[in-house]
Structures are given as C-alpha cells and as structure tokens.
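Step one of this worksheet: look at the structure below.
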Amino acid sequence: MLKIDHLTKHYGETIAVNDLDFEVQPGVVTGFLGPNGSGKSTTMRVMIGLDRPTNGRVTIDGKTYDQLKAPLREVGALLDAKALDPKRSARNHLRALALSNRIPLKRVDEVLEFVGVASVANKKVGGFSLGMSQRLGIAGALLGDPGILLFDEPVNGLDPEGIRWIRDFFRSLAKEGRTVFVSSHLMSEMAVSADQIIVIGRGKFITSGSVADLTANATGTVFVRSTDASRLAEVLRGDHGDVEAVNDNGLNVAGLTSDQIGEAAFAAGIVLHELTPQRASLEDVFMDLTADAVEYGHKNMEPTP
Amino acid sequence: MSATPTFIDTARSEWLKFRTVRASLIGVLTFALLTIGIALLVSLAIKSQWSQRSALDRLAFDPVTTSLFGSFFAQFAVGVMGARFITSEYASGSIRTTLAAVPRRVHLVMSKVIVLLVTFFILSEIVVFAAFSIGQAIYRSGALPSASLSNSTDLRAVIFAGVYLTLLTLIGFGIGLILRTTSITISVYVTLLLIVPIIVNILPSSWQDHFTKYLPSKMGESMLSPQLTQQSFSWGTSTVILTIYTIVIVGVGTFLFTRRDA
C-alpha cells in the first residue's frame with residue numbers, strides 16, 4: 001500500500017506540496033491530476049526518496065523508500081525519461097540498475113524486448129528520441145517486477161500509437177493487482193486511462209474519486225432557447241439562476257435544473273423552443289476545481305530538476 | 001526474485017557504470033600516456049645532457065624522482081576522473097535514476113569510493129612502475145646512475161607515487177561530491193594543486209616553512225622521493241596527512257549528499 005501521509009514540501013519560500021494525505025489502491029490505475037506546477041512531480045520525487053519531505057512522509061507497506069532493501073523490486077518509477085547518462089548504451093544502463101538491486105541480468109533483455117527497444121539496446125541513449133527514452137524508462141521501471149509503479153507524465157513525447165499502447169499497458173498492470181499511479185496535467189488523458197483520480201492544485205488536495213463520481217457531482221448548465229429570451233432571463237434570475245446570454249435567443253443557465261426552468265417558463269407563459277441540459281465533462285470539472293489553483297507566476301513553478 | 005542486495009552489488013553496479021563510458025577509457029589512457037611519456041622525455045633529456053653536467057649536479061641526480069615526475073601532470077587527469085564519477089551524474093540527471101535504485105546515500109558514496117580506490121590504486125601502480133622502469137632503462141643505457149626495485153627505499157618511493165595518485169583521485173571525487181558541477185570542481189581542484197602553492201610562495205619565508213609542507217603537491221613530492229625533501233614532512237607523515245585530507249573532504253561531501261534534494 002502506497003500511503004502519502006500529511007506530506008508537505010517547501011523549497012525555500014515556495015510551498016510546493018501542502019499537507020497532502022491520501023492512499024493509492026492496488027488493482028486500479030490511479031490518476032494524479034493537477035495543473036502544471038501543482039506539486040505532482042515534487043510529490044513523486046519524495047515518494048522515491050529524491051527529495052526530503054519538510055513534513056510528513058510517504059510509505060510503501062509501512063516503510064519509507066530509503067528503508068527498502070531492494071527498492072527496484074518493490075517500486076518502479078519513471079519520473080524523467082532523460083535522466084540518463086547519454087554516453088551509455090540502453091543495455092548497460094539497465095544492467096547497472098539490475099546489478100545494484102540484484103535483479104538477474106537476463107531480465108534486462110526481457111524488458112528491452114517488452115518495451116520494443118531491443119533493436120537499439122547497444123546504442124547510446126543520448127541519441128534516443130523522447131519516445132524511445134520513455135520506453136527505456138518504462139523498461140527500467142519494470143526491471144524489478146515491482147508491485148507499485150509510478151509514472152510522471154508518461155504520455156509526453158509518445159506518438160498516438162504509443163499512447164494507446166501505454167494505456168492498455170497500465171490497465172494490464174493494474175489487472176495483475178499492481179498499484180499504478182500516473183500523473184498528468186491533461187484531464188482528457190486521465191478520463192480515458194485512469195479508474196480513480198486524485199486532483200491537486202497549488203500543492204493542496206482538491207478532490208478524489210472515480211471519473212464518474214467527479215462528473216456526476218458537478219452541476220452542469222442548461223441551454224434554453226426562446227423568442228422571449230430577455231423576459232425569460234429575468235424570470236430565471238428571480239429564481240436564483242445564473243443566466244448568461246449566448247445569442248439573441250439562447251441562454252445558458254447554471255444553478256437550475258431543466259425541470260425547474262421548464263416549470264418557471266410555463267408559469268410565466270413563455271414559449272420555449274429548446275431546453276437542453278449540458279453535461280459537464282471531466283474537463284469542465286477540472287477547470288472548475290483548479291480555477292483558483294492555477295499558478296502562472298514563476299515563483300510557484302515546480303523547480304526544474 | 002532473489003536475495004537482498006548488498007554493498008558488493010552496488011559496487012558492481014558502479015564499476016559497470018565506470019567502465020561502460022568511453023570517457024573513462026580516454027581518461028585512463030591520458031593518465032598513462034602523461035606519466036609514462038613524461039618519464040620518457042625527462043630521462044632522455046637528462047641522458048643527452050649528462051656529459052655537460054658538473055660533478056656536483058651529477059651527485060645531486062635522483063633517478064627515482066625524475067622518472068616519476070609525470071605524476072605531477074597525471075594528478076590532474078586522475079582528479080578530473082574522480083570528480084566526473086559523481087559530477088557527470090549531476091550533469092546528465094542520471095543521479096536521480098541512480099538514487100532511485102540505491103536510496104541509501106552513504107551506501108552509494110561508499111560504493112563509488114571503493115570502485116575508485118581499487119581501480120585507481122591498481123592503475124596508478126601499473127603506470128608508475130612502468131614509468132620507473134622505462135626511466136631506469138634509459139639511464140642504464142647511458143651508463144648513468146640508476147635505481148632498482150631491489151632497493152627498499154626506491155621501491156617504497158614508486159609504490160607511494162601510486163598511493164599519492166589514488167588519494168588525489170578520491171580528493172577530486174570528494175570535491176565533486178561537494179560542488180556537483182564538473183567545471184567548478186575542476187577549477188577548485190586545480191587551484192588547490194597549482195595556485196595555492198604560488199600564493200604560499202609569495203609569503204614571508206618564515207611562514208613558508210610552516211605552510212608549504214601541508215600542500216598536497218608537497219606531500220606528493222615526499223611520498224615519491226627516496227630522500228627526505230626540503231620543507232616537508234617525511235613520506236609516512238605526508239601519507240597520513242593526505243589520507244586525513246581525503247577522508248575529511250569525502251566526509252563533508254557525503255554529509256552534504258545525504259542532506260540535499262537530488
């Protein structure tokens with residue numbers, strides 16, 4: 001069980017992560033979602049012991065990462081695909097990792113084959129494209145056959161075929177009972193690849209749940225069209241609706257259901273030509289949730305590693 | 001999957017990392033060529049000038065030290081290689097991959113130290129023995145006075161030339177661990193070996209007697225000389241003090257390494 005326990009991380013004056021507290025369940029793909037600079041990478045760096053928490057801790061079955069005897073056999077992580085010595089070959093890079101954790105060397109060729117970089121295994125990784133480096137990074141994460149897998153923005157640099165491959169791959173890992181924790185700033189990506197989503201903004205926990213839960217709880221708007229739109233708008237405002245004129249005849253109404261709008265129009269004797277509930281997409285939910293948490297100033301950006 | 005990894009496993013991993021980049025091979029070749037090449041040049045020059053030497057100069061001739069003179073050039077090659085063993089990991093970002101595999105940082109530093117210590121001790125000894133042998137062969141061919149490994153003082157001087165270079169490799173590594181950037185590390189290392197002695201040289205001579213003997217390069221001189229050199233500690237004391245320097249520098253580096261975010 002991967003447990004984030006009241007984690008706080010400061011970089012000087014900047015608070016990158018602020019009292020995050022959640023658990024990541026095995027057997028499902030958990031999406032870790034937040035705008036750029038919201039503290040996702042910082043959280044993941046603390047998870048694998050690269051950065052020391054200011055407060056709180058992250059535990060893997062009760063142990064912090066640096067207490068693990070053979071960490072690669074328990075946690076596989078891909079944080080930065082380019083964090084490699086460019087002058088070393090892919091195979092030697094993986095062999096060094098395997099040796100340090102006493103993983104049989106034959107496993108190196110297995111994972112190289114699996115991610116599809118076996119043909120360039122003896123080439124220097126400096127010449128690899130970002131997509132190839134991502135695949136090599138995935139090979140490194142899988143090397144120790146770990147029960148927990150962490151991926152920071154894994155689809156970056158992958159072509160559409162690669163993205164589809166990686167989605168299916170995450171699902172199959174989860175199906176095997178592993179914990180799969182994937183960060184992204186792209187809501188659309190998480191909507192299709194994750195089962196559970198944890199949303200953070202400005203280093204703080206915002207919400208969590210399944211994709212369906214998150215969209216269900218969000219209040220959508222209703223589009224309503226009438227030749228007498230201006231009077232309808234007055235009536236609906238009187239019922240505490242939040243009305244926005246879209247065009248001459250159309251209104252977008254928030255805060256009222258389509259039933260309430262229909263009844264109010266009927267009572268006022270207004271003819272409606274259209275009454276359509278607009279389903280909130282996960283994208284809208286995300287924008288709503290993180291609207292206050294998006295940080296464009298340079299001060300709160302995640303430090304470049 | 002298999003048993004718990006030990007210190008030996010991390011050291012094997014670091015050794016593989018050392019030997020699988022071409023920069024290591026180039027560095028080692030530079031080191032060997034400098035040391036042996038300078039032994040060749042110096043001994044040939046001395047041989048050709050021998051007939052013009054005064055009797056006093058001939059008496060002062062030291063066949064051991066002159067053949068090991070290349071060590072003072074090679075010390076830069078080994079220091080840079082020691083430094084790069086850690087700073088190149090920061091430059092590429094691979095330190096983060098390394099730490100994800102070996103999160104116990106003291107453990108990691110010790111593995112790197114062991115790899116450098118063993119590798120550079122063996123390499124340095126091979127190189128200084130080769131330089132010594134080539135120098136003596138040239139002196140003998142000109143019927144100059146020459147040294148022999150059967151003389152225990154001469155043997156000691158050759159062995160400790162290798163020890164000096166091994167310690168300097170680790171000093172380079174330790175400075176790299178503290179500073180993390182290759183260029184700054186090399187600047188500091190060169191300053192320590194070249195610039196500080198110049199500064200000490202312009203001090204009043206009564207102060208010089210106190211400071212000079214604490215300079216790493218001065219200790220190197222006594223370690224690889226058969227005789228006691230001027231203004232310096234004995235070879236034994238020099239070795240002990242230089243080892244203490246090394247332990248302190250690597251120790252400070254390790255302390256900082258365990259505290260910092262990677």
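We name chains A, B, ... by the order of the sequence lines, and we start the count at 1 in each one.
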Rounded distance (nearest 0.5 Å) linking atom CG of A/D85 with atom OG1 of B/T20:
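OG1 of B/T20 is found 7.5 Å from CG of A/D85.
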From A/K82 atom NZ to B/S92 atom OG, the distance as rounded to the nearest 0.5 Å
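It comes to 11.5 Å.
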Polar side-chain atom of A/N101 near backbone of B/P5 as donor-acceptor pair, under 3.5 Å
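No, because the side chain of A/N101 does not come within donor-acceptor range (under 3.5 Å) of the backbone of B/P5.
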Say whether, by atom type as modelled, one donor and one acceptor occur between the side chain of B/D261 and the main chain of A/R52 under 3.5 angstrom.
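Indeed, once roles are kept as given, a pair shorter than 3.5 Å links the two residues.
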Any chance [atom1] of [X] has more than 12 other-residue heavy atoms, nucleotides or ligands included, within less than 6.0 Å?
X	atom1	value
A/L105	CG	yes
A/Q67	CD	yes
B/F7	CZ	yes
A/K87	NZ	no
A/R91	CZ	yes
B/R156	CZ	yes
B/F69	CZ	no

Pick out which of A/L84, A/D51, A/L50, A/L79 makes a side-chain contact (heavy atoms from CB on, under 4.5 Å) with B/R96.
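So the option named by the test is A/L50.
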Can you tell me which portion of B/T258 sits under 4.5 Å from chain A's heavy atoms? Options are side chain, backbone, both or neither.
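Just its backbone gets close to chain A.
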Using heavy-atom distances under 4.5 Å, tell me whether B/R12 contacts chain A through its side chain, its backbone, both, or neither.
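Both parts, backbone and side chain.
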Might you point out which heavy atoms bring A/P71 and B/A101 nearest each other, and give the distance in Å?
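Between these two residues, the closest heavy atoms are CG-O, 3.3 Å.
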Among B/R260, B/E89, B/R259, residue most engaged with chain A (heavy-atom pairs, under 4.5 Å):
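Winner by heavy-atom pair count: B/R259.
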Out of B/S94, B/S111, B/G93, which one racks up the most heavy-atom pairs below 4.5 Å with chain A?
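The residue among B/S94, B/S111, B/G93 with the greatest pair count is B/S94.
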Sub-4.5 Å side-chain heavy-atom contact between B/T97 and A/H93
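B/T97 reaches A/H93 side chain to side chain.
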State, with a plain yes or no, whether a side-chain heavy atom of B/K17 is found less than 4.5 Å away from one of A/R88.
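In short, these two side chains touch, coming nearer than 4.5 Å.
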May I ask you to decide whether B/D9 forms a salt bridge with A/R102, counting only side-chain N to carboxylate O separations under 4.0 Å?
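Salt bridge: yes.
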Contacting region of A/A70 [heavy-atom separation from chain B under 4.5 Å]
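When you check distances to chain B, atoms from both the backbone and side chain of A/A70 fall under 4.5 Å.
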Heavy-atom distance under 4.5 Å to chain B: side chain of A/K124, backbone, both or neither?
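When you check distances to chain B, only side chain atoms of A/K124 fall under 4.5 Å.
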